J.: 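Let me give you the structure first, and then I'll get to my questions.
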Protein chains: 2
Amino acid sequence: MDRDQQTHAHAAVTRPEVRTMLRQSGLRPTRQRMALAEILFAHGNRHISAESLHDEAVTRRVPVSLATIYNTLHQFTEAGLLREVAVDGSKTYFDTNTDDHHHFFVEDDNEVMDIPPGQMGVGRTPEPPDGYEISRIDVVVRLRRIRRD
Amino acid sequence: MDRDQQTHAHAAVTRPEVRTMLRQSGLRPTRQRMALAEILFAHGNRHISAESLHDEAVTRRVPVSLATIYNTLHQFTEAGLLREVAVDGSKTYFDTNTDDHHHFFVEDDNEVMDIPPGQMGVGRTPEPPDGYEISRIDVVVRLRRIRRD
DNA sequence: CTGTGTGCAAACTCTTTGCATAAGT
DNA sequence: ACTTATGCAAAGAGTTTGCACACAG
């Protein structure tokens with residue numbers, strides 16, 4: 001599950017690189033944004049919710065408010081550093097892998113994971129109705145834990 | 001958009017049929033459930049949210065509370081009369097077409113529509129991780145209105 | 001009658017907003 | 001200094017819940 005399922009996703013790890021990344025996106029490298037970017041991009045692909053990112057930040061002694069978490073996630077998404085994942089549930093998830101790919105969604109515990117590229121291809125792209133164009137195709141393969149009762 | 005994109009979905013229309021449908025699902029045919037079922041199943045496939053169903057009921061002079069709308073939608077879903085559609089956004093949508101099919105989602109105005117069957121097939125089904133089995137595959141083709149600026 | 005369903009209002013979760021304070025350049 | 005970000009608390013949207021009353025069988 002930790003194999004290289006990213007193709008050319010963020011490899012930024014070091015602090016200076018994160019700083020540059022933010023600058024290039026037109027975002028001032030503030031304490032919070034730096035810290036959040038490091039959490040997000042330092043360890044390969046991740047799928048996080050506002051709450052989980054906040055928890056993680058608090059654990060790492062990075063003082064940041066939930067409001068700032070939301071601001072930051074949206075700013076990063078607009079800047080193309082993150083991708084919003086539309087799975088089920090009321091929560092919004094963000095994916096640090098912005099490549100074209102699809103997701104598994106574990107229904108039992110609301111977990112999102114990437115589907116390794118190559119494992120899944122959308123067959124025929126449907127014809128969009130008149131006046132519309134396709135913006136994106138999202139595939140969610142919903143999983144259920146196998147239980148041997 | 002109103003062509004026969006349903007395969008064998010609900011064709012129940014008449015009041016007695018709706019009554020039977022509810023009975024068979026183990027639901028007592030109360031005023032509200034009857035009225036809501038008629039709204040839902042009388043006119044081909046529909047994609048509705050709790051709010052839109054409530055609005056429609058109010059318009060038709062069917063007195064029903066939002067709480068009952070939610071109850072009913074969930075009961076119908078459990079009974080297999082409806083299917084919950086996981087598209088984007090905070091709202092939950094329900095589909096009167098319970099067949100295996102996928103959806104267009106118009107980003108501009110949060111509208112859900114069926115993708116005509118045959119127009120889209122999932123290519124290769126991905127291998128679920130160990131200990132998991134696939135419960136369902138949801139494909140959402142997100143649409144954007146074409147604008148000639 | 002008896003039990004299930006319904007309506008109302010309050011509670012809850014997730015997310016957004018307004019405004020004073022703090023931090024970046 | 002001057003501008004943009006942050007934090008807090010309050011507001012908002014969507015959904016759920018608890019309990020008294022109403023209705024179906």
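Keep in mind that this is a model prediction, so the values were computed, not measured. Throughout, a chain's letter reflects where its sequence line sits, starting with A, and its residues are numbered from 1.
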J.: What integer distance in Å separates A/Met34:CE from D/dA5:P?
T.: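 Going from A/Met34 (CE) to D/dA5 (P), I get 15 Å.
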
J.: What nucleotide, of D/dG7, C/dT6, C/dG24, holds the atom closest to the side chain of A/Thr30?
T.: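 Comparing D/dG7, C/dT6, C/dG24 against the side chain of A/Thr30, the answer is C/dG24.
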
J.: Given atom CG of B/Leu66 and atom P of C/dG7, what is their separation to the nearest angstrom?
T.: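 Spelled out: CG on B/Leu66 to P on C/dG7 is 10 Å.
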
J.: Please give, in whole Å, the distance from C/dT16 C1' to A/Gln75 CD?
T.: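 Whole-Å distance recorded here is 13 Å.
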
J.: Between A/His74 and C/dT15, is there a side-chain N or O to OP1/OP2 distance below 4.0 Å?
T.: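 Answer no for this pair, as no side-chain N or O of A/His74 is under 4.0 Å from OP1 or OP2.
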
J.: For D/dT15 and B/Tyr70 - does any side-chain N or O of the residue sit under 4.0 Å from the phosphate oxygens OP1/OP2?
T.: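 So the side chain of B/Tyr70 is within the cut-off, an N or O lying under 4.0 Å from OP1 or OP2 of D/dT15.
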
J.: Determine whether the side chains of B/Asp138 and B/His102 contain a donor N or O and an acceptor N or O closer than 3.5 Å.
T.: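 No donor-acceptor contact under 3.5 Å links the two side chains.
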
J.: Between D/dT6, D/dA5, C/dG5, spot the one nearest the side chain of B/Arg28, thanks.
T.: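 Within the option list, the nearest is C/dG5.
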
J.: Closest nucleotide of DNA chain D for B/Pro29 versus for A/Val64: which of these residues is on the 5' side?
T.: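 Between the two, 5'-proximity favours A/Val64.
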
J.: Looking at A/Gln32, I'd like to know whether one of its side-chain N or O atoms comes within less than 4.0 Å of OP1 or OP2 on D/dG7.
T.: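 Yes, A/Gln32 has a side-chain N/O under 4.0 Å of OP1/OP2 on D/dG7.
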
J.: Have a look at A/His54 and say if it touches a base, only the backbone sugar-phosphate, or nothing, with a 4.0 Å heavy-atom cut-off.
T.: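 Here A/His54 touches no strand at all.
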
J.: Does a side-chain N or O from B/Arg31 land closer than 4.0 Å to OP1 or OP2 of C/dG5, or not?
T.: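 Indeed not, no polar side-chain atom of B/Arg31 lies that close.
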
J.: Provide, to the nearest angstrom, the distance between the CZ atom belonging to B/Phe94 and the C1' atom belonging to D/dG14.
T.: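 Whole-Å distance recorded here is 12 Å.
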
J.: A/Ile48 has an atom CD1; how far is it from atom P of C/dT15, in whole Å?
T.: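 Interatomic distance, CD1 of A/Ile48 to P of C/dT15: 11 Å.
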
J.: So which one's nearest nucleotide on DNA chain D is more toward 5', B/Arg19 or B/Glu51?
T.: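 So the residue in question is B/Glu51.
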
J.: So, A/Thr59 versus A/Glu56: side-chain donor-acceptor pair below 3.5 Å or not?
T.: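 Result is no, nothing qualifies.
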
J.: State, without any angle test, whether A/Asp95 and A/His103 hold a side-chain donor-acceptor pair at a distance under 3.5 Å.
T.: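 A donor-acceptor contact under 3.5 Å links the two side chains.
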
J.: Counting only side-chain nitrogens and oxygens, does B/Arg23 get under 4.0 Å of the OP1 or OP2 atom of D/dG25?
T.: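 Checking D/dG25 against B/Arg23, a side-chain N or O does come within under 4.0 Å of OP1 or OP2.
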
J.: If you check the A/Ala67 side chain, which of C/dT6, D/dC8, D/dG14 turns out closest?
T.: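 Among C/dT6, D/dC8, D/dG14, the one nearest the side chain of A/Ala67 is D/dC8.
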
J.: Could you walk me through whether B/Leu53 and B/Phe94 pass the side chain to side chain contact (heavy atoms under 4.5 Å, CB included) check?
T.: CA-CA 10 Å; B/Leu53 180 56; B/Phe94 294 85; over 6 Å; no

J.: To the nearest Å, how far apart are A/Lys91 NZ and C/dT13 P?
T.: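 Whole-Å distance recorded here is 11 Å.
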
J.: Determine whether B/Val58 and B/Val62 fall in the same hydrophobic cluster, where Ile, Leu, Val, Met, Phe, Trp and Tyr are linked whenever their side-chain heavy atoms lie under 4.5 Å apart.
T.: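 No, B/Val58 and B/Val62 fall in different hydrophobic clusters.
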
J.: Tell me the interatomic distance from B/Arg33, atom CZ, to D/dA22, atom P, rounded to whole angstroms.
T.: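 In whole Å, D/dA22 P lies 19 Å from B/Arg33 CZ.
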
J.: Contact class for A/Thr92 (heavy atom, under 4.0 Å): base, sugar-phosphate, or nothing?
T.: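 Result for A/Thr92 = sugar-phosphate.
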
J.: How close or far is atom P of C/dT25 from atom CG of A/Leu27, stated in whole angstroms?
T.: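 Distance check: A/Leu27 CG to C/dT25 P gives 12 Å.
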
J.: Would you call the rings of B/Tyr93 and B/Phe105 parallel, tilted or perpendicular, taking 30° and 60° as the class edges?
T.: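 Perpendicular: the ring planes of B/Tyr93 and B/Phe105 meet at over 60°.
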
J.: Considering only side-chain heavy atoms of B/Ser65, which listed nucleotide, C/dT15, D/dC23, C/dG7, is closest?
T.: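 Of all the options, the side chain of B/Ser65 is nearest to C/dG7.
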
